[in-house]
Amino acid sequence: MGGNGYPNHGNVMRDMIPDENGTTITLESGGSIMENLNFHVPDNFVFDNCKLVAFVQNNSTKEILNAAVTGIEEMAPVNIPFLTALSTNMTVIGDDGDGTLNPGESAEYVVTVQNSCDFVSAYDVTGYLTSSSPYITITDGVGVYDMIVSCDVVTNLSDKFAFSVSESAPDIADFDFNLRLVANQTGEAPYETNLPLIVSIDLFQANFPIELSQPIMSGNAVVDLDGDGTKEVVVGGTDSLLHVFTLSGTELAGFPYATGNWILGSPAVGDIDNDGDLEVVVASRDRKIHVIQHDGSGVAIAEAAHYLMSTPALDDLDGDGDLEIVVPGYGYDVLAVHHDGTSLANFPLTIPGGRMSCGVSIADIDGDGSKDLVFGTWSDSIFAYNTNGELLSGFPVDLITNAAAPAVVADIDGDGTLEILTGQDSGYLYAIAHDGTVLWRQQISAASIRTAVAVCDFDSDGFMEIVYTTLDGNINVVDYEGNSLSGWPQSLGGACYSSPVIADLDGDATPEIIVGSNSSELYAFHADGSSVNLFPLPLSGAVRGTPTVADLSQDGTLEIIVGTDHDLTVINLKTLSELGPTWSTAQGNNQRTGYYNPQATSVEGFQIPEILSLKQNYPNPFNPTTTIEFGIPVQSFVNLIIYDVLGQEVNRLVQSELAPGTYHYQWNGMDASSKTLETGIYFARISAGGSDQIVKMMLLK
């Protein structure tokens with residue numbers, strides 16, 4: 001009951017608005033009707049917090065069928081214009097290349113203004129832009145619109161506003177503006193209104209995030225796929241599509257490529273057929289291995305016995321110069337196929353009872369000169385096979401429970417032999433020697449480890465530190481003996497299905513740790529466990545894919561590229577920096593081999609060469625080892641090959657995607673089968689980005 005004692009306010013209002021008889025509306029089934037109700041507000045009427053209620057009522061039953069409510073003070077009189085801001089647009093002046101407004105930059109600003117229909121024309125319209133933010137300086141606050149007739153839309157393109165942002169402004173902020181519009185000042189009904197506006201600055205690359213229809217569950221690759229000198233982002237997801245996005249936010253011509261089922265592993269990229277062009281390899285959950293060309297054409301070349309949920313790995317397993325594809329399956333089979341889909345001899349392997357849902361690591365773990373395959377299974381074991389399909393001595397190693405995390409191979413203690421790092425579902429991280437001996441295991445919680453570790457020598461003491469996460473949202477860093485470092489573990493605020501990566505984000509030559517979380521945040525930590533400035537960054541959804549850190553925009557600064565449950569995001573870090581020898585993408589490299597190679601290291605303070613360069617080896621002549629130094633100006637797929645005097649290939653030292661920088665690589669005077677070569681002349685040839693260089697070397701015994 002209302003204060004006036006009437007129990008039925010509906011009847012009261014029906015009798016009063018718009019007059020004592022109300023307004024009759026005739027409705028037809030399935031149709032709609034628009035009714036204009038005109039009323040007058042007396043000059044002395046105070047309508048603060050007063051509402052106009054219009055409703056449709058059944059004449060016989062008095063049932064309310066529909067209703068609408070609006071504040072009278074919100075309604076514009078019909079004898080004046082009714083101007084609103086329809087949209088805004090900003091052009092950055094002195095842009096640093098990312099296409100977005102940043103501290104220290106200026107912008108021209110236009111506001112599109114609309115005059116609502118059924119209102120009078122607005123003439124001599126002028127806008128006055130102001131801001132209360134201490135970080136904003138208005139350099140041109142007046143914009144002229146002239147006339148805006150009823151139902152018209154006008155933009156101040158010929159007289160733009162302008163402002164600048166202080167260099168001391170936050171990197172992420174919303175700035176409040178006010179646009180005061182005046183019109184019809186010389187007429188009987190002068191008009192003035194204030195429109196609040198907001199200008200935001202953030203760390204997102206222009207044209208990103210890109211909204212996707214389904215979650216991204218894996219990592220991505222940043223490569224120049226089509227060889228045009230610019231980089232693209234290659235990513236797959238549960239929309240069953242392989243996307244290749246350009247810096248402009250559009251798909252590369254020919255993409256997306258449809259696999260027909262979910263892509264749960266990261267895309268692998270390499271020149272698998274040795275033709276000079278890069279290919280993308282993905283596995284789809286419906287058992288198929290797909291090879292996709294740079295123009296978006298592709299085909300499923302092989303099929304597994306059951307689900308494929310893992311990341312393919314690419315490497316030259318048979319020494320013929322092209323790359324083989326290795327994918328473990330959920331149907332107990334490990335596939336190893338050539339680029340045409342034919343199986344490598346002695347493959348596929350059948351692992352009795354051993355379902356597999358994660359990728360393999362590929363490295364010569366026993367030092368016999370040929371590659372080995374390392375992978376975990378749901379039968380609680382870690383396996384190691386050579387390329388002949390033979391189980392290595394000491395394997396399998398029993399990890400007590402499911403080993404569903406990808407293995408990583410690295411020389412963590414600097415003794416010249418490789419160790420295997422992997423987690424299992426009781427939360428234990430294992431370090432296993434090349435002969436299957438368990439060196440140590442470490443547990444920070446009982447939650448499962450389902451992601452790959454990242455490795456880095458943070459303090460440059462010759463020993464590796466190991467970074468790993470658990471599903472309960474913890475991240476930990478241990479030394480080469482399994483001891484947690486000071487400042488660790490840290491909480492990620494939610495379950496973690498995102499593998500950590502490592503890169504120098506702030507240009508201080510000491511790498512940072514980057515990882516996502518189901519808390520819809522991206523974290524970045526210094527080696528001591530403290531958070532990097534501005535992190536954690538809130539994102540649009542859970543981060544279950546592994547980030548990639550790369551100079552996507554090729555402006556000398558790094559970007560973090562990461563997928564969420566809703567989109568693909570590119571975060572533009574403004575600090576000049578170089579990746580260096582880091583673990584900056586899923587499984588450590590775009591071929592997804594899971595192998596940290598200590599022989600190839602970036603040097604010279606992260607300086608980027610201007611051109612491809614292969615320097616004379618030193619010492620020269622040499623016995624038994626020599627150092628080969630080369631530099632690449634842009635991220636490229638690099639081949640470094642040793643030939644004899646007859647032009648025959650004797651060893652392939654580098655065959656992978658490398659970040660721009662200068663590298664040292666040691667050659668021990670052996671061929672691909674680890675046989676010591678005879679005294680003589682040999683040639684080192686580097687190929688990268690369509691260019692080649694050769695140096696002559698002398699091996700003396």
Side-chain angles (χ1 to χ4, degrees), residues 274 315-316 319-321 363-372 409-411 413-418 434 457 460-464 580-581 589 593 595-633 636-689 691-701:
N274 203 23
D315 211 334
D316 184 6
D320 63 355
D364 180 11
I365 66 170
D366 58 3
D368 66 352
S370 63
K371 304 290 177 62
D372 305 300
V409 176
D411 179 10
D413 54 9
D415 66 352
T417 61
L418 298 177
H434 65 279
D457 183 5
S460 301
D461 64 353
F463 302 109
M464 292 290 167
N589 53 65
T593 59
Y595 169 44
Y596 183 84
N597 185 354
Q599 291 180 290
T601 56
S602 179
V603 297
E604 296 185 5
F606 306 119
Q607 294 183 13
I608 304 175
E610 295 182 358
I611 60 173
L612 177 69
S613 61
L614 177 62
K615 295 185 179 181
Q616 186 64 54
N617 64 301
Y618 59 90
N620 190 43
F622 68 95
N623 180 25
T625 61
T626 188
T627 297
I628 301 171
E629 180 179 327
F630 62 89
I632 54 175
S636 308
F637 193 85
V638 178
N639 282 300
L640 180 62
I641 304 173
I642 307 299
Y643 297 91
D644 62 19
V645 72
L646 299 177
Q648 298 175 327
E649 180 178 325
V650 298
N651 207 339
R652 187 172 290 241
L653 304 183
V654 179
Q655 187 183 28
S656 64
E657 187 91 10
L658 294 180
T662 301
Y663 293 83
H664 286 163
Y665 205 102
Q666 287 191 331
W667 179 44
N668 57 9
M670 295 182 180
D671 65 11
S673 62
S674 298
K675 178 183 176 182
T676 301
L677 296 171
E678 300 295 330
T679 295
I681 299 294
Y682 295 89
F683 298 90
R685 177 182 178 180
I686 189 170
S687 301
S691 299
D692 298 272
Q693 290 187 18
I694 297 175
V695 295
K696 184 169 66 174
M697 307 178 292
M698 171 68 75
L699 173 59
L700 289 179
K701 294 294 183 70

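As the structure is a computational prediction, the values presented were derived from the model and not from experiment. All heavy atoms count here, side chains included; hydrogens, waters and symmetry mates do not. For this chain, numbers begin at 1 and follow the sequence in order.
No donor-acceptor pair closer than 3.5 Å links the side chain of Asp411 to the backbone N or O of Leu418. In terms of modelled atom types and a separation under 3.5 Å, the side chain of Tyr665 and the main chain of Leu653 share a donor-acceptor contact. The closest donor-acceptor contact from the side chain of Asn639 to the backbone of Ala688 lies at 3.5 Å or more, if one exists at all. One N or O on the side chain of Gln693 and one on the backbone of Leu614 form a donor-acceptor pair closer than 3.5 Å.
In this structure, Phe463 CZ and Asp415 CG are separated by 9.0 Å, a value rounded to the nearest 0.5 Å. The structure places CG of Leu677 at 8.0 Å from CG of Asn651, a figure rounded to the nearest 0.5 Å. Residue Asn274 holds its CG atom at 5.5 Å from CZ of Arg652, rounded to the nearest 0.5 Å.
Residues satisfying the salt bridge (charged side-chain N to carboxylate O under 4.0 Å, His left out) criterion with Asp315, sequence neighbours excluded, are Lys371. Taking Asp461 as the reference, nothing meets the side chain to side chain donor-acceptor pair (under 3.5 Å) condition, with sequence neighbours excluded. A search for side chain to side chain donor-acceptor pair (under 3.5 Å) contacts involving Asn617 returns Asn620, Thr626, not counting sequence neighbours. Ser673 pairs by the side chain to side chain donor-acceptor pair (under 3.5 Å) definition with Asp671, not counting sequence neighbours. The side-chain contact (heavy atoms from CB on, under 4.5 Å) test applied to Asp320 returns Asp316, Asp318, Asp322, Glu324, not counting sequence neighbours. Evaluation of the salt bridge (charged side-chain N to carboxylate O under 4.0 Å, His left out) rule for Asp692 yields Arg685 as partners, not counting sequence neighbours.
Under the 6.0 Å cut-off for aromatic ring centres, Phe630 and Tyr663 qualify, their centroids lying closer than that.
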